[in-house]
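Report on the following structure.
Letters go in sequence order (proteins before strands), and every chain restarts at 1.
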Amino acid sequence: MLGVELIRSNPNAVIESLSRRGSSSETIELIHQVIDQDQTRREALTLQQTRQQSLNTESRSIAELMRDGKKEKAQMVIERQKTLKSEIRDLTQKIAAAEDSLTQLLLSIPNMVHPSVPDGRTESENVVVYSHGEQPTLEFEPLPHWEIAKLHSLIDFERGAKVAGAGFPFYIGAGAQLHRALIHFFIDSALPEYTEIRPPLFVNSDSAKGTGQLPDKEGQMYLVDDGFYPIPTAEVPLTNYYRDEILSESDLPIKLCAHSPCWRREAGSYGAHVRGLNRLHQFDKVEIVQLTHPNHSYEVLDQMRKHSEDLLQALELPYRCLLMCAGELGFNQTKQYDLEVWSAGQKRWLEVSSISNFTDYQARRMNIRFRPEQGGKPQLLHTLNGSALALPRVVAALLENNQNEDGSYELPSILTPYLHSY
RNA sequence: GGAGGGGUGGCAGAGUGGUCUAAUGCACUGGUCUUGAAAACCAGAGUACUGCAAGGUACCGAGGGUUCGAAUCCCUCCCCCUCCGCCA
């Protein structure tokens, strides 16, 4: 969430930034409500603290009177305190109410937009900032990946649907090994820089709140009994790792990576675009996360983007990098790149990575700070994450782009060390 | 799952209703002393909010309650430890 101080001190800058997202007048109205509630809260708080001070002083004097045996005098003070106490109670309630609505308001206000983000409302206004590789020119009508997978018994969607449901495929034999090879390749590529983490695959609601899945994207997560959420991305446990902690400036940047399955409800999806591996309820992903000093987060964003691009280049997949326009930007992000690979069989682009800077928006929710080397107050750090990469669509693109007319396919040589049994 | 014991500052640890405005030790920072260091001695130091400021308020796992007054008593929840049971 945004800081109240920012909204208080510079409401116009916030409003301007939010209008770039195409935020409605209602969102703008929220800003004014924040300012109102903030003022109510501070006025009540100042008053309450003064009253509390009187009460504390008097209570101490009661202790003295009691010690000196002046019981009657003490009793008088006790009587007098009743008004003070009820006044404090009322003020405390008023403060709590203002704080509650302040939190609610702040949770429903999206992050600021970085100046380098292009204007725009729709997908078509995202800007292609980079393209790499040639879309393969095939002399025959290429198959979609689900056909190729069926031909070679790599993936069994039908039995997945029987055993779990739609969107829960089985990978079989060489298909399972390809999947595992990609995980190993992705993790190995991250290892020189990033610390490998094996995270919990369920998180509690505090963690889901911390990274912004709650309340904004509640419908996207599964919820199991006892209040656990199966993670929709490893971003959640990784970024929450340092929740409510104060780090040393010298610890930064912190770089974490993890492979994990991801579970998403994807309610309401249908049609050809969700066929095969295009959209699943369970899929695997290697995620990279960085916690950085606020001064460096945008450089780091570009480094992380390059990391993911290098993977696609090593896999020899044609791809493009999109800079998301203001209207397409996620709720929590200030700037976001998407990487899309070309899928020759479906003749369209598939998103395989999203790399984002959240600045201090998540850090404020999670209360993750660092102590400046020069001394001074702890300061919020910046959080970033990126997919490096999401598995299923990479599998789809590998199969579709490298197919031959006879239905066979080849895999890029970078994977050779990871493939041996089939 | 059963029984018991716990949760206090960076760490250890005292405190069981009123100078707790949280002792003490270790670690940390500054100073004195010293050629330099160590030791010793002196001083300082948490987080958040609030206030122009001086300062104030809150925080002893979390949330409620009792009381003029709660780290301390009561209730609910969370977490940790020990033993037993179960288990890959």
Whole-Å gap separating [atom2] ([N]) and [atom1] ([X]):
X        : N      : atom1 : atom2 : value
A:Gln379 : B:rU47 : CD    : C1'   : 16 Å
A:Asn367 : B:rU47 : CG    : P     : 12 Å
A:Gln37  : B:rC49 : CD    : C1'   : 17 Å
A:Asp244 : B:rG9  : CG    : C1'   : 17 Å
A:Ile95  : B:rC49 : CD1   : C1'   : 10 Å
A:Ile246 : B:rA45 : CD1   : P     : 17 Å
A:Leu102 : B:rC49 : CG    : P     : 13 Å

Can you list every pair that meets salt bridge (charged side-chain N to carboxylate O under 4.0 Å, His left out) and has a residue in residues 305-316 of chain A, with sequence neighbours left out?
->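 For residues 305-316 of chain A, and leaving out neighbouring residues, the salt bridge (charged side-chain N to carboxylate O under 4.0 Å, His left out) pairs sorted by first residue read A:Arg305-A:Glu309, A:Lys306-A:Asp310.
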Would you indicate whether the side-chain heavy atoms of [Y] and [X] approach each other to under 4.5 Å?
X        : Y        : answer
A:Ile109 : A:Met1   : no
A:Glu147 : A:Leu151 : no
A:Ile31  : A:Leu18  : yes
A:Tyr194 : A:Ile187 : no

Answer yes if the side chains of A:Tyr229 and A:Ser207 hold a donor-acceptor pair under 3.5 Å, and no otherwise.
->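 Judged by distance alone, the side chains do not pair up.
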Should the pair A:Phe202 and A:Trp263 be assigned to parallel (<30°), tilted (30 to 60°) or perpendicular (>60°) ring geometry?
->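 Geometry flag for A:Trp263 against A:Phe202: perpendicular rings.
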So among A:Tyr171, A:Phe185, A:Phe170, which one has a ring pair (Phe, Tyr, Trp, His ring centres under 6.0 Å) with A:His179?
->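 Of the listed options, the one satisfying the test is A:Tyr171.
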Once base and sugar-phosphate atoms are separated, protein heavy atoms under 4.0 Å mark nucleotides 50-61 of chain B, 5' to 3', with B, S and - as SS----BBS---
In the 5'-to-3' direction, what one-character label does each nucleotide of nucleotides 70-79 of chain B receive under the scheme B = base within less than 4.0 Å of a protein heavy atom, S = sugar-phosphate only, - = no such atom?
-> ----------
Inter- and intrachain pairs under ring-ring contact (aromatic ring centres under 6.0 Å, His included), touching residues 232-256 of chain A, at least two apart =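 Residue pairs passing ring-ring contact (aromatic ring centres under 6.0 Å, His included), neighbours aside: none found.
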When you compare [N] with [M], how far apart are their [atom1] atoms, in angstrom units rounded to a whole number?
N      : M      : atom1 : result
B:rC74 : B:rC26 : P     : 35 Å
B:rC28 : B:rA45 : C1'   : 8 Å
B:rU82 : B:rC73 : C1'   : 27 Å
B:rA71 : B:rA23 : C1'   : 13 Å
B:rA39 : B:rA58 : P     : 40 Å
B:rA38 : B:rU29 : P     : 11 Å
B:rC77 : B:rG55 : C1'   : 37 Å
B:rC79 : B:rU66 : C1'   : 26 Å

Over all heavy atoms of both residues, which pair between A:Glu266 and A:His281 is shortest? Give the atoms and the distance, please.
->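 Nearest heavy atoms, A:Glu266 then A:His281: CB-CE1, 4.1 Å.
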What are the two closest heavy atoms between A:Pro294 and A:Gln379, and how far apart are they?
->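 So the minimum-distance heavy-atom pair works out to CG-NE2, 4.0 Å.
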Strictly under 3.5 Å: I want the nitrogen or oxygen pairs between protein and nucleotides 65-69 of chain B, one per line.
residue, atom, partner, partner atom, Å
B:rC68, O3', A:Lys85, NZ, 3.2
B:rC68, O2', A:Gln81, OE1, 2.1
B:rG69, OP1, A:Lys85, NZ, 2.4
B:rG69, OP2, A:Lys85, NZ, 3.3

Just by distance, do the side chain of [X] and the backbone of [Y] share a donor-acceptor pair under 3.5 Å?
X        : Y        : answer
A:His152 : A:Gly407 : yes
A:Thr239 : A:Val236 : no
A:Gln403 : A:Leu143 : yes

Measure from the ring center of A:His293 to the ring center of A:Phe370 and say whether it is less than 6.0 Å.
->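 Yes.
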Looking only at side-chain N and O atoms, does A:Arg371 come under 4.0 Å of OP1 or OP2 in B:rG10?
->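 Answer is no, no contact under 4.0 Å.
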5'-to-3' dot-bracket of RNA chain B (Watson-Crick, G-U; under 3.5 angstrom; crossing pairs as [ ]; | other strand) = ((((((((.[[[..)..(.....]]].(((((.......))))).(((((....))))).[[[[[..)....]]]]])))))))....
